[in-house]
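Report on the structure given below.
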Amino acid sequence: MDRATGGILDGIRLYLRYVSTSVSAQRQYKTSFLLQTVGNFAGTIMDFAGTWALFARFEHFDGWGLAEVAILYGLVNAAFASAQSVSYGFATLGSELLVTGQFDRLLVRPRSVILQLFGQEIRLKQIGRLCQGLVVLFGGLIAGGYLSGATVLICLWCIVGGTMLFIGLFVLQATLSFWTVHSLEIMNVFTHGGAAIGQYPLSIFSDWLKWFITYLIPFAAITYFPALIITGRASVSSPEGLVYVSAPAAGLVFFLLALVMFKIGMRRYTSAGG
Amino acid sequence: MNILPYTAAFRAWFHTAMQYRVATLTSFIARLWFGLVYVEIFHALYSNNLIHQPPIGISQAVTYVWLQQALIRLQPVSCDPEVANSIRTGTIVYDRVRPIDTYTLWYARSLAKNLGPVLIIFSLIVLFAGLILPAAGLGLWGMSPPESLSRYMLFIISAILGILTATALAVLMDTLGAALLSPAGINAMAFTLVIFLSGSYIPLPLLPGIWSTLSVLQPLASLIDIPSRIFTSSATTSAIPYLIAVQVFWLFVTVVLGRWAMDRTMTRLQIQGG
């Protein structure tokens, strides 16, 4: 085994250690954990109830019915919840680690800063939102008659790509705080706002917004395009089929670009602590 | 009762809240973005060939969306971190030993922290959606003014009642957070519930069936929904006095409940250490 593989294995071992510490820490506060998970689940159910209420009035969105929108909603929320649970360190970099000077403690340790940030905390309460997303997703697949081995596989692929995309956004949020030394609400536009936009079919938006969520921050690539295949609106064997199926990979590319930006931002960091 | 200590505290916190200009400005940009996205969504919904006529028209729905964004900062979606902190560190003792009424002090603090940012964001949204968008020929995307000056005055009264009720609810939440020693559970439960019931997610007049009417009876409607119904003429002129009476009723109930909860919590509070 060469040194590089040894380093990666060591990193994975360290990350798993972080996960188990974080999980057992959260298990110490059982009531609080239970309340948070239930609250998270109940809260997001209410969230989908809003969408459902709109359908009771308007029946469809540009030809997309409740079942189809439920699929979009489930995909984006499952991805958002998974990303939120692992990127807590990045999401709170500005508001906690930078402001208090604790970031320096990460820098002096002989391990990757990025790995340590991912290990800051693994938030279990997001399981509530994740479960709700999966329930709505499967509800949509069943109600629309789209359930099959292939569609479930595409959905999983979307959730993986979507998780990477949202993690990338949290990493960018952290990067921005190297300049602002404050966590800015503006990034919610892309994280929470992305989750809100991703649940509607791309075709309803104006051109500028379509362009934005296709090329700049590819929310459409992790929900709308693959959903065209899932709901049979485009055929897999058509020339676009290949593009639509592979689109969630854009999330991975986005994540890698965000990491590059983060490394550039980190070079700019000067400690204010003593 | 000598009100001087409370007005002094109010001024101090108001002044502190106004220091975060960049935060308020980015918060405005975030609201603008969400506003534009939701306006697009409603345009898409209303362009369907509708079987049932929705109870509010497209320009009313768009105006409602902008009012949601303008007033959204009012909502008590989480406990004040300062209160949670003072419980954990024990500094709450300073609030208790002063010869002043803790409820009024907390009320003044909560109001002072939110009033400034809300007023700024409200003015900027009205400037953008009410004046700039129509002037740029994008009137379909902008706010429509109330049909009469008297309706506008009634909107202001209703909005003030909304602000006062929101503050009473915020103090109630802070008190519950103090009683449970940790705000995490309350925060998880409150967020979506408050967002949904206050009407800042889906305009409550668009809820299906009788719910569109019954929804004005719950306390959170007072924050955004009732002022918006008055502004957009979704409520008839003869209904306005009753709506305002509902707001007064909930303001009274939330203040009485908040005082009772605080008395109970504070008599049971044990402060350790010396």
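Each chain gets a letter, A, B and so on, in the order the sequences are listed, and its residues count up from 1.
- For a heavy-atom cut-off of 4.5 Å, chain A lies close to no residue in residues 214-223 of chain B.
- A:Phe80 and A:His192 have their aromatic ring centers within a separation under 6.0 angstrom.
- Classification of the B:Tyr38-B:Phe34 ring pair by plane angle, with boundaries at 30° and 60°, yields parallel.
- At least one donor-acceptor pair closer than 3.5 Å links the side chain of A:Glu68 to the backbone N or O of A:Gly65.
- Neither the backbone nor the side chain of B:Leu25 comes within contact range of chain A; no heavy atoms are under 4.5 Å apart.
- For A:Trp64, no part lies near chain B; criterion is any non-hydrogen pair under 4.5 Å.
- Taking the six-membered ring where tryptophan is involved, the planes of A:Phe262 and A:Phe90 are perpendicular, since the angle between them exceeds 60° and thus also 30°.
- Top candidate by heavy-atom pairs under 4.5 Å with chain A, chosen from B:Ile29, B:Ile202, B:Leu36, B:Leu206, is B:Leu206.
- Relative orientation of the B:Tyr201 and B:Phe196 rings is tilted, given thresholds of 30° and 60° on the angle between their planes.
- For a residue to count as touching a neighbouring chain, one of its non-hydrogen atoms must lie under 4.5 Å from one of that chain's; by this rule B:Thr24 does not touch chain A.
- Aromatic pair A:Phe178/A:Phe103: ring centres closer than 6.0 Å.
- Nearest heavy atom pair, residue B:Val194 against residue B:Gln75, reads O-OE1, 3.5 Å.
- Your options are A:Trp52, A:Phe190, A:Phe212, and the one with the most heavy-atom pairs under 4.5 Å with chain B is A:Phe212.
- Side-chain atoms of B:Ser233 and B:Gln60 include no donor-acceptor pair closer than 3.5 Å.
- Ring centroids of A:Tyr200 and A:Tyr73 are separated by 6.0 Å or more, keeping the two rings apart.
- Proximity to chain B (any heavy atom under 4.5 Å) is shown, for A:Phe205, by both the backbone and the side chain.
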